[in-house]
Amino acid sequence: MQPKSITVYLNHEPREWRVHPNDLLLNVLREHEALTGTKYGCGIGECGACTVHIDGEPVLSCLTLAIACEDKSILTIEGLARDGKLDAVQTAFLDHSAFQCGFCTSDMILMTRALLNEIPNPTEEQVRDYLRGNLCRCTGYASIVRAALGAATQEANAIGAADA
Amino acid sequence: MRDFDLLQPKTLTAALDALAPNDPATRPLAGGTDMIVDIRSGRAAPTALVSLQEVAELRGIKRENGTLQIGAATTLAEFLTHPDLAHQALYQAAYNFANPMVRNLATIAGNINSASPAGDMLPPLLVLDAQIELVSKSGTRLVALDQFLLGPRKTVRRADEVIASIRIPALRPQSPVSTGFYKLGLRQADAISIISVAVRLERDGDTIRDVRIALGAVAPRPIRATGAEAVLRGQPFSENALKESARIAAQECAPIDDLRASANYRRRMIQVYVRRMLEQTWNKTL
């Protein structure tokens, strides 16, 4: 049907999109914006691979119509590092080697970021609880959980140092 | 994905205008977590969707004369944080619902309208006597959830109606009340229930003054186990009474064999979890 021109704020920058009602956000990101860090996994909302933040909340881009993102802020893995500096969660994933094949890395990092925004100092149980909809088919969960806890500690220390 | 037209009304009046022709191929769209999957799989083939996402009238939770009025667009995530939605059964069901990303999109009205036999929020809403507010250009009607659900994916909602709110009446308990919900799934997230059980129990000293039991995923739609309730209502609490109620609940349901579990296993698990949830809700009213 009729395409519509919309403005979105993609990774902190305004973008004009011309989208059809049946364009999924996932496909617009990957095919139109060439942001392939967001992955197409199951396509039915059960694996978490396509997770992005919309207005700060983690949602699934495979179940989101692009046209519904008008005037909203979209954050993908490509927008997490600012001014060439990795986010603390990204650094922690590197430090803890929290990936094997890498397919779930984008969604695990974005979910961990969302968790720490909500609960800055989570318990291991809270981390596992929050990440339970995100699948790692290499089953490398132990290091992912360690990385999430490590990122929390690092951010707490950074705030402590700034306060001192 | 197949082509469709999309309308994005900003008011309820405009949404109802769009649905007024009462055409089953024009469907309301809420969070989309069922609808988009259904369109992609070919299970749904709407020619037009009327998005309710920007309709402000469908948002918000309020209390009026004791009745809790939950806006249709309330997301499952909001059920975990809103202080007025403090029924334990609703909280447990929302907590085990899909995964955090889906909970940020999926709405309570969407879960009800999908009318899955395994719909997570339906057993808790059944034991809370929830009513569904349906609105259309020709008026408003309130339908008890028990009457709203007809069968798998079948409800009494006409194509020109939208769910505007879910009403949970104040049941004016004379004694301590507790609710609970348990979902038996194959894993901790993204599970479709093998069975689920919701209980609302009102206690008067050593007696069960009132009890409601609802069962999910063991019949064409979530059901009340009225026979299992009847043997407990007004009776003194005892282990044997609970066991008898659980036995009747297992007889009242009509499960099927499918890839998640056999009918026999489902019946057995209904017996186990009805007893456990009765015990748990009883103990919580102490």
Side-chain angles (χ1 to χ4, degrees), chain A residues 1-4 6 19-28 38 40-72 107-108 110-112 114-115 118-119 125-135 141, chain B residues 1-10 26-27 29-55 73 75-78 80-81 94-107 110 114 185-192:
Chain A
M1 301 278 172
Q2 286 305 309
K4 183 178 174 185
I6 62 169
V19 287
H20 289 84
N22 63 346
D23 284 329
L24 292 172
L25 175 60
L26 172 67
N27 296 337
V28 174
T38 307
Y40 177 26
C42 68
I44 54 171
E46 293 190 357
C47 77
C50 66
T51 300
V52 299
H53 292 190
I54 296 183
D55 288 344
E57 285 189 342
V59 297
L60 298 173
S61 59
C62 80
L63 298 181
T64 303
L65 299 178
I67 207 166
C69 298
E70 185 164 14
D71 295 326
K72 293 187 175 174
D107 64 270
M108 290 291 185
L110 285 171
M111 280 308 279
T112 304
L115 167 67
E118 205 178 303
I119 309 171
E125 199 189 338
Q126 285 172 317
V127 170
R128 289 185 180 275
D129 197 46
Y130 203 81
L131 297 179
R132 67 184 173 167
N134 295 73
L135 299 187
Y141 295 105
Chain B
M1 188 160 48
R2 75 187 297 285
D3 206 5
F4 51 78
D5 214 350
L6 181 77
L7 296 147
Q8 297 171 290
K10 303 235 188 297
T26 300
R27 303 271 304 266
L29 175 72
T33 56
D34 277 338
M35 181 63 85
I36 302 228
V37 173
D38 285 351
I39 293 172
R40 293 189 65 195
S41 72
R43 179 142 67 168
T47 53
L49 294 177
V50 179
S51 170
L52 304 175
Q53 226 159 13
E54 291 168 39
V55 179
T75 64
L76 273 299
E78 288 173 79
L80 297 177
T81 52
Y95 181 80
N96 289 295
F97 192 99
N99 59 56
M101 300 81 81
V102 166
R103 290 200 292 267
N104 282 335
L105 294 168
T107 68
S114 287
L186 292 173
R187 51 187 297 259
Q188 295 285 323
D190 296 322
I192 297 175

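For the pair Ser61(A) (side chain) and Cys50(A) (backbone), a donor-acceptor distance under 3.5 Å is present. No donor-acceptor distance shorter than 3.5 angstrom exists from the side chain of Asn134(A) to the backbone of Met108(A), with no hydrogens or angles considered. With Arg103(B) contributing its side chain and Asn96(B) its backbone, the two residues share no donor-acceptor pair below 3.5 Å. Judged by distance alone, with hydrogens and angles left aside, the side-chain atoms of Glu57(A) form no donor-acceptor pair with the main-chain N or O of Ile54(A) at under 3.5 Å.
Of the atoms belonging to Ile36(B), it is side-chain heavy atoms, and not backbone ones, that fall under 4.5 Å from chain A. Neither the backbone nor the side chain of Ile39(B) has a heavy atom closer than 4.5 Å to any heavy atom of chain A. For Thr47(B), the part lying under 4.5 angstrom from a heavy atom of chain A is the backbone only. Contacts between Thr33(B) and chain A at a heavy-atom distance below 4.5 Å involve backbone atoms as well as side-chain atoms. Within the 4.5 angstrom heavy-atom criterion, only side-chain atoms of Leu135(A), from C-beta onward, approach chain B. Only the side chain of Arg187(B) comes within contact range of chain A, with at least one heavy atom under 4.5 Å from a heavy atom of that chain.
Of all the listed residues (Asp3(B), Val102(B), Asn99(B)), the one sharing the greatest number of non-hydrogen pairs under 4.5 Å with chain A is Asp3(B). Counting heavy-atom pairs under 4.5 Å between each of Asp190(B), Leu6(B), Asp34(B) and chain A puts Asp190(B) at the top.
You'll find the side chain of Tyr95(B) reaches within 4.5 Å of the side chain of Asp129(A), heavy atoms only. Leu110(A) has its side chain out of reach of Pro58(A): every pair of non-hydrogen atoms, C-beta onward, lies at least 4.5 Å apart.
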